[in-house]
Amino acid sequence: MTGETEAMTNFIYNMIKEDVEKGILGDKCVHTRFPPEPNGYLHIGHARAVLLNYELARIFNGKFNLRFDDTNPIKEEQEFVDSIMDDIRWLGADWEDRLFFSSDYFEVKYEFARRLIKAGRAYVCDLSQEEIREYRGTLTEPGKESPYRSRSVEENLDLFERMRKGEFPDGNRVLRARIDMASGNLNMRDPVIYRILHASHHRTGDKWCIYPMYDFDHPFSDAHEGITHSLCSIEYTDHRPLYDWIVDNALELYPEAVKFHSRQTEFARLNLTYTVMSKRKLRRLVEESFVEGWDDPRMPTIAGMRRRGFTPASIADFQERVGVSRADSTADLALLEHCIREELETTAPRLMAVLNPVKVVITNWPEGETELTEMDNIPGDESASTRTVPFSGELYIERDDFMEDPPKKFFRLAPGREVRLKGAYIIKCEAAIKDAEGNITELQCTYDPETRSGADTSGKKVKGVIHWVSVEHAAWIKVNLYDNLFTIENPEEERDIDFTDNINPQSLVVCENVPAEPAVAEADPGSRFQFLRKGYFYYDPHPTSGEKPTFNRIVPLKDSWAKIKNK
Ligand code: ATP
Ligand code: MG
């Protein structure tokens, strides 16, 4: 994991360091947590929060908890819990034995709520949702007190208990914190802390029909677990006074249930160009079949990026380069792609595959003969050794490496022109054979025996070098070519139309029958390659369909980020 240098320079690291040096933590170590709601898959934005929390704990020899924030039974499912754990593990963050669920503390939280009631700091309110909103006031007007605000402690305790017992229907009444209806912060105007919801929970079943609200649940859970630094995204800034109110009260009224006065610190959310990141939108993409699932390789989900072929290291590298700040920003997808290219450049073995093949027949090749050529697996890396690639008189090359009527600067194959076949010979195109519709079906070429790669005595100079696959020896694979899921840079910002209107219809192009050199047949699912001139590819271990080995293009070779950088 490479997060250290980044974490060393970010403002949260500096803040924690200061806390440690000042002895604010007492005998506690730095303790962070990642608190996902299991209502969808994790995305690359969540990866920032996971890595930030995990890395900070690691650097300070502290602890990192995984806590599912499962207080909304309607949207939450076990499938999401499982995928989230799997993705966090894959990212390299280790919660050791500290896996928790907010629902583990429902009983303690109920008791805390009772203590708030007893202290006159919470009350059962019978106003409807709309009335509560109306009474809340606005930023410029103070709120109005609920007529139920002055209920006696006894009545409140009784009603709250009956809420729990299921005596009232959904939405019939709520428990509210009794704070300040004139507060300049709307979150402090007697926020709702419990609601009635007769819904089965994925862990507690039908045991509860009242559920705590996030703003009550989250700070209490943090303090209960002894989280020292509660890091969250910037939209919670206005909730911080309420966070502190809950923790202060927990410490005062229920000290045996809390281990530490956790402190909340906010950081900017990570956004990415050419994609959407809100779970609601990602869910729509899945439910309305714009993609094949949460783990579709075009999705910005961790599961999707895994299937696309990204590595944990490339994601950590990306996070490190983007950095953490308080100001919202949108990171460039090109930078993420640059990170994986940079990694694979020196680690991915090379192979040849022809995505859109046309056949070449070498008319002067000795019939039936096969010649073996030696090629570097990773150029410049001797430890990666070489592989042998069979060459014969019938080959596939890319259809667009031939042009019948080429412009002057086309340095590949054309009638009467020469090109080098990578690692083999220079060939010359003598004729293009066509079918009745005029489509080229075969290119007849001759080779020059003097031009063997590495033993060229011909003195010929050709500019173009193209890849090829021997027909007889080809291994057949399926290739998925991915492009951006959206055609515009900021699909989230488009207000006037539905975001799905900007989906790129070309985001997936499938090549069903791709000849590749035979080494592909021995490759392990889950491995990554550079297909010469075509990009970096991932051997998908769990393709959605098809019998053939499936290779997903992670990224093409052209690095637009490196270009920007070098300007
Ligand atoms: P939604 O998209 O439904 O608002 P969410 O993305 O906030 O939900 P959670 O499961 O609550 O989903 O997120 C878990 C943690 O990840 C939270 O602490 C949240 O602050 C953080 N997080 C979520 N999205 C991002 C993001 N884009 N960048 C950084 N952190 C994020
Ligand atoms: Mg959230």
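We're numbering straight along the sequence, starting at 1. Counting starts at 1 for both ligands and their atoms, in listed order.
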Numbered in order shown, the ligand 1 atoms found under 4.0 Å of a heavy atom of Ser233 are 19 (C), 20 (O)

Pairing of Glu345 and Arg341 as salt bridge, 4.0 angstrom limit: no

Discussion item. Does ligand 1 come near enough to Leu270 that some N or O of the ligand is less than 3.5 Å from an N or O of the residue?
Written reply: yes

Quick note on ligand 1: atoms under 4.0 Å from a heavy atom of His43 include exactly 24 (N), 27 (N)

Nearest heavy atom to atom 13 (O) of ligand 1, choosing from His46, Gln319, Met277, belongs to His46

side-chain hydrogen bond (donor to acceptor under 3.5 Å, both in side chains) pairs touching residues 172-183, sequence neighbours excluded, are Asp126-Arg173

Check this for me - ligand 1, Ser278, N or O atoms closer than 3.5 angstrom, yes or no?
no

Looking at Arg280, Arg283, Arg269, the heavy atom closest to atom 4 (O) of ligand 1 belongs to Arg269

Any cation-pi pair here, Arg203 with Phe101, using under 6.0 Å and within 45°? yes

Taking the six-membered ring for Trp, are Tyr538 and Phe310 ring centroids under 6.0 Å apart?
no

Query - Side-chain ion pair, Arg33 and Glu225, N-O less than 4.0 Å - result: no

### Message
For a quick check under 3.5 Å, do Tyr536 and Gln530 share a side-chain donor-acceptor pair by atom type?
### Response
yes

The atoms of ligand 1 lying under 4.0 Å from a heavy atom of Glu37, numbered in the order shown, are 9 (P), 10 (O)

State whether the shortest distance between N or O atoms of Arg48 and N or O atoms of ligand 1 falls below 3.5 angstrom. no

task = With Lys144 as the cation and Tyr135 as the aromatic partner, state whether NZ or CZ is under 6.0 Å from the six-membered ring centre and within 45° of the axis.
result = yes

One finds that the ligand 1 atoms under 4.0 Å from a non-hydrogen atom of Gly45 are 25 (C), 26 (C), 27 (N), 28 (N), 29 (C), 30 (N), 31 (C)

Taking only non-hydrogen atoms of Pro35 and a 4.0 Å limit, the atoms of ligand 1 in range are 14 (C), 18 (O)

